[in-house]
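Values below: all heavy atoms of this structure, side chains included; hydrogens, waters and symmetry mates excluded. Predicted, not measured: the structure shown is a model, and the values here were computed from it.
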Amino acid sequence: MDSCHSGFTHAMTYQADQTLVQLGRRLQADGYRFVTPTPLTHQRVLARSPVPCAVDLRDVFGWSMPFDSSLMGAVELSQLQEAGILRQEGGLLRSTIRWSSLGDLLLAHSAYPTQEADAVFFGPDSYRFARAITDYLNQRFEPIERAVDIGCGTGVGALLMARARPDARVLAVDINPRALRLSAVNAELAETRNLSIYHSDLLDSIEGRFDLIVANPPYMNDSRQRAYRHGGGGLGEHLSLRILQAALPRLNVNGALVLYTGAAIVKGRDPFLEAARPLLLDASYGWTYRELDPDVFGEELDQPGYEQVERIAVVVLTVTRLR
């Protein structure tokens with residue numbers, strides 16, 4: 001059993017969570033699939049209809065459209081309303097939860113638009129993060145006994161590690177209680193038994209070392225400081241650097257950190273990489289750094305604070321402890 005100081009293991013104790021699991025199983029049985037686009041693409045798709053209204057469950061739980069109560073049976077409708085999964089919106093209903101597909105996984109997260117401070121986001125970054133983890137696991141032949149997903153959100157990183165390495169003990173940690181609840185739901189739906197969920201600010205509530213640490217932190221400079229977007233610092237890099245500092249001393253020999261994040265490029269310079277380099281000078285570590293996509297979230301360049309930024313790249317920093 002993994003030990004922690006002030007964290008807690010999140011169990012499936014809420015009836016609302018059980019109702020959400022049952023909904024996920026129903027959607028899986030119905031063959032539901034939805035690949036989540038960027039919020040801007042989502043907005044454009046909805047704008048095609050002056051008054052968008054759901055005609056099926058994919059519209060309800062994928063496109064987050066309002067719907068008429070006749071779209072569901074009375075018993076299911078009552079259960080979902082009682083669990084807070086549906087809310088009234090004028091004469092219609094709307095889901096507070098969205099369901100996204102990742103391979104054969106079905107993941108619950110916050111509905112569009114993600115305005116709440118504690119919203120749990122899933123989108124194109126999540127798919128790229130998943131690919132980075134899978135690529136790493138496909139190239140790693142050393143055993144993984146203990147792994148952790150820092151800032152787990154929906155739990156996608158932890159789920160991928162737990163499923164790929166069923167003998168490993170995998171932890172999912174987050175400071176956001178809503179993320180912990182949804183991670184627990186998603187783990188239950190995936191029938192993953194080697195995954196534990198803890199409340200922790202980075203690794204502060206978790207003891208011990210790890211063979212693999214993964215993280216997909218927020219990396220924007222968000223004026224509203226929403227947890228899923230705001231990385232802190234001048235250009236959103238602060239949380240990524242905190243994770244790097246926290247993770248390095250917690251790696252076992254041959255252990256690795258796979259950090260997926262964003263880098264705001266200023267006049268050809270990468271301030272995140274410049275700040276990270278001094279932390280990586282120790283000969284005990286080997287590392288690689290690559291851009292997965294050179295230009296994402298271009299609309300953010302119009303926001304205050306990004307006046308000198310020429311592009312935002314998504315990058316993967318992989319650090320291995322050599323000795």
Side-chain angles (χ1 to χ4, degrees), residues 16-17 19-128 130 153-154 156 178-179 181-182 185-186 189 218 220 222-224 226-229 296-303:
D17 296 349
T19 301
L20 198 51
V21 171
Q22 292 168 10
L23 173 61
R25 287 180 177 148
R26 182 256 172 112
L27 293 175
Q28 285 179 322
D30 290 346
Y32 174 97
R33 285 193 60 78
F34 187 83
V35 174
T36 300
T38 64
L40 194 56
T41 293
H42 194 129
Q43 178 184 334
R44 286 169 171 156
V45 170
L46 293 186
R48 292 172 180 170
S49 173
V51 186
C53 190
V55 299
D56 58 24
L57 295 186
R58 192 169 180 271
D59 285 347
V60 171
F61 296 114
W63 290 112
S64 296
M65 290 182 179
F67 66 99
D68 187 87
S69 60
S70 61
L71 203 58
M72 294 183 186
V75 173
E76 182 178 34
L77 202 65
S78 175
Q79 290 174 339
L80 295 179
Q81 286 180 298
E82 186 176 337
I85 296 168
L86 302 180
R87 69 170 186 265
Q88 200 76 32
E89 191 172 279
L92 299 173
L93 294 164
R94 190 187 292 269
S95 174
T96 63
I97 294 293
R98 195 172 177 193
W99 290 93
S100 293
S101 305
L102 174 65
D104 64 345
L105 290 172
L106 189 59
L107 301 164
H109 56 101
S110 298
Y112 172 90
T114 45
Q115 303 292 355
E116 303 94 341
D118 65 345
V120 181
F121 186 78
F122 185 95
D125 262 336
S126 309
Y127 293 105
R128 287 186 288 252
T154 61
V156 61
R178 193 173 178 186
R181 290 186 64 190
L182 290 178
V185 165
N186 294 331
L189 193 60
M220 294 297 181
D222 183 34
S223 60
R224 295 170 60 184
R226 286 166 288 182
Y228 77 92
R229 291 190 91 241
V296 297
F297 298 115
E299 67 275 11
E300 296 296 325
L301 303 189
D302 294 329
Q303 299 302 313

Rounded to the nearest 0.5 Å, the CD atom of E299 sits from the CG atom of L301 at a distance of 8.5 Å
In a table with atom names and distances, give each donor-acceptor pair under 3.5 Å that connects a side chain of residues 66-78 to protein atoms at least two apart or in another chain.
from	atom 1	to	atom 2	distance (Å)
D68	OD2	S70	N	2.9
D68	OD2	S70	OG	2.7
E76	OE1	R26	NH1	2.4
E76	OE2	R26	NH1	2.7

CD of Q79 to OG1 of T19: how many Å apart, nearest 0.5 Å?
-> 6.0 Å
Closest non-hydrogen atom pair, A16 against R181 = CB-NH2, 3.8 Å
Spacing of CG belonging to L189 relative to CD belonging to Q22, to within rounding of 0.5 Å | 11.0 Å
Any pair with a residue in residues 101-111 that passes side chain to side chain donor-acceptor pair (under 3.5 Å), sequence neighbours left out, goes on the list, sorted by first then second residue, please.
-> S100-H109, D104-R163
Among L182, V120, V185, L102, side chain to side chain contact (heavy atoms under 4.5 Å, CB included) partner for T154 = V120
Do R87 and L93 touch side chain to side chain, with heavy atoms closer than 4.5 Å?
-> no
Gap separating the CZ atom of R48 from the CD atom of Q43, nearest 0.5 angstrom = 12.5 Å
Close side-chain approach of T36 to R98, heavy-atom, < 4.5 Å | yes
What residues, two or more places apart in sequence or in another chain, satisfy side-chain hydrogen bond (donor to acceptor under 3.5 Å, both in side chains) together with R128?
-> D125, Y260
Locate the shortest heavy-atom distance separating F121 from S126; write the atom from each residue and the value.
-> O-OG, 4.4 Å
So which heavy atom on E116 is nearest to which on P113, and how close?
-> OE1-O, 4.4 Å
Output all residues satisfying side-chain hydrogen bond (donor to acceptor under 3.5 Å, both in side chains) with Q81, sequence neighbours left out; order by chain, then residue number.
-> none
Under the side-chain contact (heavy atoms from CB on, under 4.5 Å) test, which residues partner T41, sequence neighbours left out?
-> P37, T38, V45
Looking at residues at least two apart in the chain, or sitting in another chain, which of them share a side-chain hydrogen bond (donor to acceptor under 3.5 Å, both in side chains) with E89?
-> R94
Could you list all the side chain to side chain donor-acceptor pair (under 3.5 Å) pairs where at least one residue sits in residues 53-65, not counting sequence neighbours?
-> none
Nearest atoms (heavy-atom pairs only) where S95 meets L86 = CA-CD2, 3.8 Å
Closest contact, heavy atoms only, N186 versus L106 | OD1-O, 3.9 Å
Do you know the tightest heavy-atom contact between I85 and L23?
-> CG2-CD2, 4.3 Å
Those residues at least two apart in sequence (or on a different chain) that pass ring pair (Phe, Tyr, Trp, His ring centres under 6.0 Å) with Y112 are H42
Within a strict 4.5 Å, meaning less than it, do heavy atoms of the F61 and Y32 side chains meet?
-> yes
Who are the salt bridge (Lys or Arg N to Asp or Glu O under 4.0 Å) partners of R44, not counting sequence neighbours?
-> none
